[in-house]
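Throughout, protein chains are lettered first and strands after them, A, B, ... in sequence-line order, and every chain is numbered starting at 1. All values below come from the heavy atoms of this structure, side chains included, with hydrogens, waters and symmetry mates left out.
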Number of protein chains: 2
Amino acid sequence: METDGPARPNGPAETDGLAAAGGLETRELRYFVAVAEELHFGRAALRLGIAQPPLSRAIARLERRLGGVRLLARTSRSAALTEAGAVLLREARSALDAVDAAERRTRRAASTSTGGPGLVLVAKAGASSELLAKLLDAYAAEPGAVPVDVVLCGIAQQSRLLRDGRADVALLHLPFDDTTGLDTEDLYTEGQVLVLPAGHPLATRPRVSMAEAASLLDLPLPRWPDADGRYADGPGPPAHDTTQLYQLIALGRGAAILPESCRTNLRPDLATVPVPDAPAVTTLIAWPPHSRSRPLAALIHTATRR
Amino acid sequence: METDGPARPNGPAETDGLAAAGGLETRELRYFVAVAEELHFGRAALRLGIAQPPLSRAIARLERRLGGVRLLARTSRSAALTEAGAVLLREARSALDAVDAAERRTRRAASTSTGGPGLVLVAKAGASSELLAKLLDAYAAEPGAVPVDVVLCGIAQQSRLLRDGRADVALLHLPFDDTTGLDTEDLYTEGQVLVLPAGHPLATRPRVSMAEAASLLDLPLPRWPDADGRYADGPGPPAHDTTQLYQLIALGRGAAILPESCRTNLRPDLATVPVPDAPAVTTLIAWPPHSRSRPLAALIHTATRR
DNA sequence: CGTCTCCATACCTCCACGGTATCGACGTGC
DNA sequence: GCACGTCGATACCGTGGAGGTATGGAGACG
């Protein structure tokens with residue numbers, strides 16, 4: 001049937017031809033990321049909801065499409081990332097975030113006209129709450145303001161939410177947060193204070209230095225979860241948010257060095273002592289590059305104009 | 001055959017099920033970008049090398065997968081972008097750049113160990129050549145330096161090369177280049193000078209102001225191509241690179257305001273006059289976020305340590 | 001040396017992609 | 001006003017690839 005005739009009946013004719021151009025489907029990238037994270041084809045397949053053999057084939061095909069690059073060093077017992085595989089893992093995560101962002105932002109662009117949220121702002125729970133309240137009030141008073149959803153999240157998840165399109169804009173804090181790949185404007189800089197139980201001996205001091213805090217303090221500094229939601233090993237109790245943190249401090253289980261502005265909403269059983277030589281904390285507003293919609297630009301303008 | 005039995009014979013079972021989660025293949029995005037750019041299904045199909053009906057269906061499927069969003073307003077005569085379509089066009093371009101970057105960087109990571117270039121640096125032809133030469137020399141002297149390919153390109157294409165993985169690092173110039181979405185470090189700030197034919201009356205002045213340059217100058221300022229390689233309408237001859245520009249000036253067809261450092265390699269038949277009130281030009285080194293390989297970090301370190 | 005684990009291969013089924021043919025809608029020219 | 005051209009949508013078909021199960025081969029372990 002395909003012998004001759006006026007026209008070739010069909011055929012992708014270049015979908016599989018050579019390794020070459022324009023390939024890399026997102027499915028393949030998702031599969032590779034799963035395998036690279038699990039370092040185990042069986043578990044990765046389980047996570048992806050497919051069987052193991054198709055996954056093996058998909059990875060092999062991906063390697064072929066990249067020109068015969070070995071992404072994983074397989075023994076018949078396990079799998080390890082090659083150098084190229086490590087590069088692809090990093091790049092694939094970023095690319096998949098961008099694809100997810102494309103989907104989410106498009107969906108929201110469509111739902112905005114039908115009453116969905118116009119902007120999603122993400123902030124750390126308990127941080128810069130006064131600044132945030134003022135910003136939201138000021139923006140709401142602007143002509144043409146759209147509804148703003150506020151998402152409060154844990155530490156260090158904000159930039160991910162921005163990158164994969166779940167949020168449009170974030171309040172971040174230097175030097176704690178990572179701003180690489182984001183556009184930012186500084187909003188506010190402040191010093192830091194030591195937060196202690198009200199009855200603690202140091203609580204009556206007019207100020208303490210970082211060195212004094214480290215040496216005189218008999219309380220451990222709590223640990224925050226990292227970007228994966230895990231807690232690093234070490235001393236001190238784990239704290240997930242400021243409420244937990246304050247309670248731990250009130251219970252005499254720890255102390256913390258926080259930006260001054262935490263004093264506005266502090267529990268009465270906690271005390272603060274300025275730490276003049278602690279690094280200054282800058283609150284800034286951040287958004288993904290190339291995503292300046294009109295409402296976002298207005299919000300940024302409102303935030304920086306003061 | 002699929003009535004019962006010990007196991008369901010096969011079936012993607014969720015590939016097309018609902019609109020839902022984790023979709024958006026890059027092929028669909030490429031198709032959509034082609035249609036959105038052409039605003040014509042037939043031409044887009046031609047460009048993509050497929051027939052028109054499959055393209056129509058692919059776009060329709062994409063709209064369904066996004067939850068019934070209308071991306072294109074079709075009349076039976078033509079197609080126009082909806083608001084959501086415009087959002088997806090922007091986001092899809094960025095996502096496809098990221099996917100392409102993943103592919104390119106992985107290929108290069110694999111070829112690096114087999115003698116390929118270690119880093120690709122992109123700079124505007126004719127700009128900052130002295131700085132660039134010093135940087136390359138200093139980096140080459142570092143222990144563990146890898147080969148650096150230098151790509152010279154026209155104006156305003158550099159950030160694209162960085163974003164889609166064809167280059168690893170660039171020399172950009174504020175306030176001319178767009179640095180959104182890139183990580184940067186400032187390298188050098190300098191004033192600007194007016195570049196004239198050697199015999200021009202203004203060439204003997206010790207300095208000129210911007211206002212004087214605008215009013216006294218009888219020569220037009222040449223036009224540079226924009227990011228798409230097109231020339232905006234307006235007066236003045238079009239110039240593609242500094243060689244063309246210098247020749248145009250030498251021929252008495254124009255003048256230009258350029259950073260001081262252009263004087264190091266200037267033709268003898270051109271003269272320069274300082275313009276003290278012209279905006280300062282900052283040369284900076286830029287790289288894509290989350291791509292700090294060890295050689296790249298070393299190059300950036302070398303560049304900023306002076 | 002059997003057994004278990006883990007990745008690869010073999011072989012099957014079916015959907016989705018791509019192809020051609022054609023229709024319906026809308027301008028356009030005589 | 002009606003034939004015609006254009007453009008997108010629909011109908012129908014064939015194939016490739018994505019997914020499935022069954023099984024093989026290689027190394028770790030008792």
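- Qualifying side-chain hydrogen bond (donor to acceptor under 3.5 Å, both in side chains) partners for Arg61(B), counting only residues two or more places apart in sequence or in other chains: none.
- Taking 4.0 angstrom as the limit, Arg74(B) places none of its side-chain polar atoms (N or O) nearer than this to OP1 or OP2 of dC7(D).
- For dG20(D), the base has a donor-acceptor partner in the side chain of Arg57(A) [N/O atoms by modelled type, under 3.5 angstrom].
- Relative to the side chain of Pro53(B), the nucleotides dA8(C), dG20(D), dA11(D) differ in distance, and dA11(D) lies closest.
- A donor atom on one side chain and an acceptor atom on the other are not found under 3.5 Å apart for Arg107(B) and Ser111(B).
- The pair Asp100(A)-Arg30(A) meets the salt-bridge criterion, with a side-chain N (NZ, NE, NH1 or NH2) lying under 4.0 Å from an Asp/Glu carboxylate O.
- For the pair His40(B) and dT6(D), the criterion of a side-chain N or O lying under 4.0 Å from OP1 or OP2 is not met.
- In terms of position on DNA chain D, the residue among Tyr31(A) and Pro54(B) whose nearest nucleotide sits closer to the 5' end is Pro54(B).
- Between Glu103(B) and Arg65(A) no salt bridge is recorded (no basic side-chain N to carboxylate O distance below 4.0 Å).
- In this structure, Glu63(A) atom CD and dC7(C) atom C1' are separated by 12 Å, rounded to whole Å.
- Of all nucleotides listed (dG19(D), dG18(C), dC7(C)), dC7(C) comes nearest to the side chain of Gln52(A).
- Under a 4.0 Å N-O distance rule, the pair Glu37(B)/Arg93(B) qualifies as a salt bridge.
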Can you give me the N/O atom pairs linking the protein to nucleotides 26-28 of chain C at distances under 3.5 Å, or say none if there are none?
residue, atom, partner, partner atom, Å
dC26(C), O4', Ser76(B), OG, 3.1

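- Protein atom CZ of Arg64(B) is 11 Å distant from nucleotide atom C1' of dA16(C), rounded to whole Å.
- Summarising the geometry, atom CG belonging to Leu296(B) is positioned 13.0 Å from atom NE2 belonging to His301(B); distances are rounded to the nearest 0.5 Å.
- Looking at the side chain of Ile50(A), the nearest of the listed nucleotides dT21(D), dG19(D), dC7(C) is dG19(D).
- Atom-to-atom, CG of Leu72(A) to C1' of dA8(C) comes out at 14 Å; the value is rounded to the nearest Å.
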Listed pairs under 3.5 Å, donor-acceptor, residues 50-57 of chain B side chains, sequence neighbours left out:
residue, atom, partner, partner atom, Å
Gln52(B), NE2, Ser56(B), OG, 3.1

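- In this structure, Leu55(A) places its CG atom 9 Å from P of dG19(D), rounding to the nearest Å.
- One interatomic measurement links the two molecules: CD of Glu25(A) to P of dA16(C), which rounds to 15 Å at whole-angstrom precision.
- In this entry the distance linking CG of Leu46(A) with P of dG20(D) reads 11 Å, nearest Å.
- Taking 4.0 angstrom as the limit, Ser56(B) places a side-chain polar atom (N or O) nearer than this to OP1 or OP2 of dA9(D).
- Rounded to a whole Å, the CZ atom of Arg27(A) is 10 Å from the C1' atom of dG19(D).
- To the nearest angstrom, C1' of dT9(C) lies 14 Å from CZ of Phe41(A).
- Checked by distance alone, Arg43(B) brings no side-chain donor or acceptor within 3.5 Å of a matching partner on the base of dG8(D).
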